[in-house]
Peer 1: 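The structure's right below; bear with me while I get my questions together.
Only heavy atoms go into these numbers, but all of them, side chains included; no hydrogens, no water, no symmetry mates. Keep in mind it's a predicted model, so treat the numbers as computed, not measured.
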Amino acid sequence: MDKKIKSSESTDQDGKKGWIDFARNMLLSICSLFFGSFLFSGLIEGYKDDLSSKRAIVTEQFRPMRETTMSCHNLHNKLVLAYADLAGSYGILLHEMKRIGSEGDALDPDYERLMNGILATRIENARKVESAKNDTDSCYNKLFRQDEELSIVTASHDDFQKIWSSHTKKINDLLKERENDNHRIIGNTDSPRLWENFAHFFGEREHDKSNITKFINENPKLFSIPIEFNSYMSKSETGLLREMDAVAEDVDTLFSKKINDLFREGFFHRLFRLI
């Protein structure tokens, strides 16, 4: 009898233990499924947010940076051409002054209108040079800020600084060469004073070929300096533009690679890295 009672109690205990094990395994399975799904959903959402951030880098920073780079190139090239046009306007003015001095007995109304037009063109070309200089400087300042911000979000600021350092010496050498050559071209000549004399001379109503020729011969630097100076500046800006294009190309290559590496890191790479 005692053996039967003990056997029954043992069976009840085994049954309870089995239910407890079953319930525990079921709870573990449910928890694993719940938390596993929760974790996976979190990874998915995190990946979506990460992908969205990467796309924002392209659309809001990389693409505008490229557009600014192209704008700066165009503005700088415009400055190159503006200097060339200004040198040309001085050349045309000198040519017409010589032609009047050699062919005209007096500055008749037709010649006067022609000279006024040439002078107006020279003034307009000088204005274009100043405008192009300001626009180019402003554009490069904007581009540098965009480049620097992009270097931070792509974790490539050190590489960006190295690129600029490698080109800074070349740029400074070009500017130093320009300073020396400009001093050679202008020297101690008071160019504004020369043009004041020209304005006074041209403001006189009567001119014959003798006093026009005399004025040109007495003021040889009036035209030679601005022609040589602006021609040189056009050439110098061409060299500087070439170097700035080289900087832009190196920077673009750096950011393109960094952004490509960001997108190469897909979902499973992110998952395995967390695991």
Peer 1: Please name the pair of heavy atoms, one in Glu228 and one in Ile185, separated by the smallest distance, quoted to 0.1 Å.
Peer 2: OE2-CG1, 3.6 Å
Peer 1: Would you mind reporting whether Leu86 and Lys128 have side-chain heavy atoms less than 4.5 Å apart?
Peer 2: no
Peer 1: Would you check if Val153 and Glu149 make a side-chain contact, meaning some heavy-atom pair closer than 4.5 Å?
Peer 2: no
Peer 1: Do Met70 and Arg66 have side chains that get closer than 4.5 Å, going by heavy atoms?
Peer 2: no
Peer 1: Specify the closest pair of heavy atoms between Phe255 and Asp147, including all atoms of both residues, with the distance to one decimal.
Peer 2: CZ-O, 3.2 Å
Peer 1: In chain order, what residues pass the side-chain contact (heavy atoms from CB on, under 4.5 Å) check against Ser71, with sequence neighbours excluded?
Peer 2: Leu75, Cys139
Peer 1: Evaluate the side-chain contact (heavy atoms from CB on, under 4.5 Å) criterion for residues Asp252 and Thr69: first the C-alpha distance (whole Å), next the side-chain angles of each, then the deciding distance (0.1 Å), finally the verdict.
Peer 2: CA-CA 9 Å; Asp252 185 86; Thr69 299; over 6 Å; no
Peer 1: Do Arg127 and Glu130 come close enough that some side-chain heavy atom pair is under 4.5 Å?
Peer 2: no
Peer 1: Say you draw a straight line from CD of Gln146 to OG of Ser151; how long is it, rounded to the nearest 0.5 Å?
Peer 2: 12.0 Å
Peer 1: Could you check whether any side-chain heavy atom of Asp250 comes within less than 4.5 Å of a side-chain heavy atom of Leu254, counting everything from C-beta outward?
Peer 2: no
Peer 1: May I ask you to decide whether Lys257 forms a salt bridge with Asp261, counting only side-chain N to carboxylate O separations under 4.0 Å?
Peer 2: yes
Peer 1: If only atom types and distance count, is the side chain of Ser166 paired as donor or acceptor with the main-chain N or O of Ile163 below 3.5 Å?
Peer 2: yes
Peer 1: Take Glu237 and Met244 through the test side-chain contact (heavy atoms from CB on, under 4.5 Å) and record every step on the way to the result.
Peer 2: CA-CA 10 Å; Glu237 288 295 342; Met244 294 303 291; over 6 Å; no
Peer 1: Hey, is CD on Glu249 packed in by over 12 heavy atoms from elsewhere, all under 6.0 Å?
Peer 2: no
Peer 1: To the nearest 0.5 Å, tell me how far Asp181 CG sits from Phe229 CZ.
Peer 2: 11.0 Å
Peer 1: What is the minimum heavy-atom distance between Lys221 and Pro226, and which atoms define it?
Peer 2: O-CD, 3.7 Å
Peer 1: Show, in sequence, the C-alpha distance, side-chain angles and deciding distance for Asn230 and Tyr90, and conclude whether the side-chain hydrogen bond (donor to acceptor under 3.5 Å, both in side chains) test is met.
Peer 2: CA-CA 9 Å; Asn230 288 290; Tyr90 279 107; 5.3 Å; no
Peer 1: Could you check if a side-chain atom of Thr154 sits within less than 4.5 angstrom of a side-chain atom of Gln61, using non-hydrogen atoms only?
Peer 2: no
Peer 1: Can you give me the closest heavy-atom contact between Ile227 and Ser231, atom names plus distance?
Peer 2: O-OG, 2.8 Å
Peer 1: What distance separates Asp85 CG from Ser234 OG, expressed to the nearest 0.5 Å?
Peer 2: 8.5 Å
Peer 1: Contact between Leu119 and Leu93 at the side-chain level, heavy atoms closer than 4.5 Å - yes or no?
Peer 2: yes
Peer 1: Group every Ile, Leu, Val, Met, Phe, Trp and Tyr by side-chain heavy-atom contacts under 4.5 Å, then state whether Ile123 and Leu81 land in the same group.
Peer 2: no
Peer 1: Quick check: closest heavy atoms across Ala246 and His167, and the distance to 0.1 Å?
Peer 2: CB-CE1, 3.8 Å
Peer 1: Would you give the length of the straight line joining atom CG of Leu150 to atom OG of Ser156, rounded to the nearest 0.5 angstrom?
Peer 2: 6.5 Å
Peer 1: Answer yes or no: is there a side-chain heavy-atom contact under 4.5 Å between Val129 and Asn125?
Peer 2: no
Peer 1: Step by step, work out the side-chain contact (heavy atoms from CB on, under 4.5 Å) result for Leu174 and Arg178.
Peer 2: CA-CA 6 Å; Leu174 287 173; Arg178 173 188 296 184; over 6 Å; no
Peer 1: Sort out for me which residue in Thr238, Asn134, Asp137, Thr136 forms a side-chain contact (heavy atoms from CB on, under 4.5 Å) with Leu79.
Peer 2: Thr136
Peer 1: Kindly state each residue pair satisfying ring pair (Phe, Tyr, Trp, His ring centres under 6.0 Å) with at least one member in residues 62-83, sequence neighbours excluded.
Peer 2: His76-Tyr140
Peer 1: Once the angle between the rings of Phe144 and Phe160 is folded into 0 to 90°, is it parallel (under 30°), tilted (30 to 60°) or perpendicular (over 60°)?
Peer 2: tilted
Peer 1: Short question: side chain of Ser236, backbone of Met233 - any donor-acceptor pair under 3.5 Å?
Peer 2: no
Peer 1: What distance separates Met65 CE from Leu143 CG, expressed to the nearest 0.5 Å?
Peer 2: 7.5 Å
Peer 1: Mind checking the CZ-OH spacing from Arg184 to Tyr232? Nearest 0.5 Å is all I need.
Peer 2: 7.5 Å
